[in-house]
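Take a look at the structure below.
Note on naming: letters A, B, ... go to the chains in the order of the sequence lines (proteins, then strands), and numbering restarts at 1 for each one.
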Amino acid sequence: LRCCNALLKALLRANSWDMVGTVYQNILDAKMAPDVYTYSTMIHAYCKQGRLEEAKKMLFEMEAKGCSPNVVTYNTLITGCCRKGDLKEAFGLKNTMCGKGLAPDILSYSALVNGLCKNQRLSEARELLVEIENVGLKADEVLYTTLISGFMKEGKIEEAFKLKDEMMVKGIKPNVVTFNSLIHGVSRRGKVQEATKLLTEMREIGLRPNEATYTFVMESYCKEGKMDEVFELLDEMERKNIAPS
RNA sequence: UCUAUGACACUUUUA
């Protein structure tokens with residue numbers, strides 16, 4: 001069964017949905033009982049396809065068969081709902097899991113925060129951060145990055161930088177994605193000097209810019225028509241062998 | 001310290 005689960009994961013990554021179904025059916029045919037990993041992976045597969053109804057059905061099915069969903073199972077579904085913009089359902093699931101004595105973890109919250117941010121509900125996202133700390137969880141760099149990119153997308157640049165300061169004060173280290181989000185935010189507003197400042201800052205703290213980083217910085221240069229700098233960056237990328245991820 | 005879940009532009013796939 002462990003092997004089947006690993007196989008399902010690989011197929012899910014490859015988006016081989018028909019094979020996912022086949023393997024799952026084979027598990028059943030072989031009279032093996034899918035475990036919580038199998039079900040969670042299947043739910044992930046449905047979510048990734050945007051087939052939320054079937055994902056939810058799978059949740060009921062596992063419960064009916066006496067396999068209890070855990071935090072990961074719920075997180076998977078919550079993430080799926082958030083990505084589809086069904087925040088009602090997502091928060092409903094959060095309540096359901098709480099009702100079963102399953103405490104949402106930092107991943108549950110960051111999925112919810114992401115959903116709120118993607119739907120321009122920034123103040124609620126911020127409130128969720130307060131809740132996170134109230135329940136004794138520690139916000140991490142992913143959570144903050146999610147918030148930062150949410151605020152940046154709404155053009156709330158100062159707020160985004162405040163969040164960056166806030167996380168650093170708490171001892172949470174920004175990573176490449178954090179900087180990418182910041183750079184992207186200032187770049188779309190054409191703030192070249194801010195973008196390059198961030199680029200040097202991330203280097204100073206030992207972070208390696210990746211392909212996305214360069215893309216965002218180049219965007220800001222392009223907005224100012226500074227093509228020389230763009231080509232310089234392209235050269236630099238080649239020198240550093242930055243491969244498209 | 002590893003069978004499953006969260007964040008950044010573009011592209012591609014699922015449709």
Answer with base, sugar-phosphate or nothing: what part of the nucleic acid does [X] contact at a heavy-atom distance below 4.0 Å?
X      : result
A/S40  : base
A/D105 : nothing
A/T145 : base
A/I106 : base
A/S181 : sugar-phosphate

RNA chain B: 5'-proximal contact among A/T79 and A/H184 (nearest heavy atom):
A/T79
Assuming nearest nucleotide by heavy-atom distance, tell me which of A/Y37 and A/S110 is located more 5' along RNA chain B.
A/Y37
To the nearest angstrom, how far is A/M167 atom CE from B/C8 atom C1'?
13 Å
Whole Å only: how far is the CZ atom of A/R13 from the C1' atom of B/U5?
14 Å
Please list, chain by chain and in numerical order, all residues satisfying salt bridge (Lys or Arg N to Asp or Glu O under 4.0 Å) with A/E133, sequence neighbours excluded.
A/K170
Could you pull out all residues at least two apart from A/E219 that satisfy salt bridge (Lys or Arg N to Asp or Glu O under 4.0 Å)?
A/K223
Do you see a donor-acceptor pair shorter than 3.5 Å between the side chains of [X] and [Y]?
X      : Y      : result
A/N5   : A/T38  : yes
A/S181 : A/T145 : no
A/Y39  : A/E61  : no

B/A4 phosphate, OP1 or OP2: any side-chain N/O from A/K9 under 4.0 angstrom?
yes
Short side-chain N/O contact to B/A7 OP1/OP2 from A/R83, under 4.0 Å:
yes
Give the nucleotide from the list [options] with an atom nearest to the side chain of [X].
X      : options          : result
A/L107 : B/A4, B/C8, B/G6 : B/G6
A/S149 : B/A4, B/G6, B/C8 : B/C8
A/A212 : B/C8, B/U3, B/G6 : B/C8
A/F216 : B/G6, B/U3, B/C8 : B/C8
A/T146 : B/U5, B/G6, B/A7 : B/A7

What N/O pairs connect the protein and nucleotides 11-15 of chain B at under 3.5 Å? Give each pair on its own line.
residue: B/U13; atom: O2; partner: A/N15; partner atom: ND2; Å: 2.7
residue: B/U14; atom: O2'; partner: A/W17; partner atom: NE1; Å: 3.0

Just verifying a value: how many Å separate A/L7 CG and A/Y24 OH, rounded to the nearest 0.5 Å?
14.5 Å
Are A/E54 and A/R51 within salt-bridge range, i.e. N to O under 4.0 Å?
yes
Using a strict 4.0 Å threshold on nitrogen-to-oxygen distance, state whether A/E89 and A/K56 make a salt bridge.
yes
Indicate, yes or no, whether a donor-acceptor pair under 3.5 Å links the base of [N] to the side chain of [X].
X      : N    : result
A/N75  : B/A4 : no
A/N180 : B/A9 : no
A/D140 : B/G6 : yes

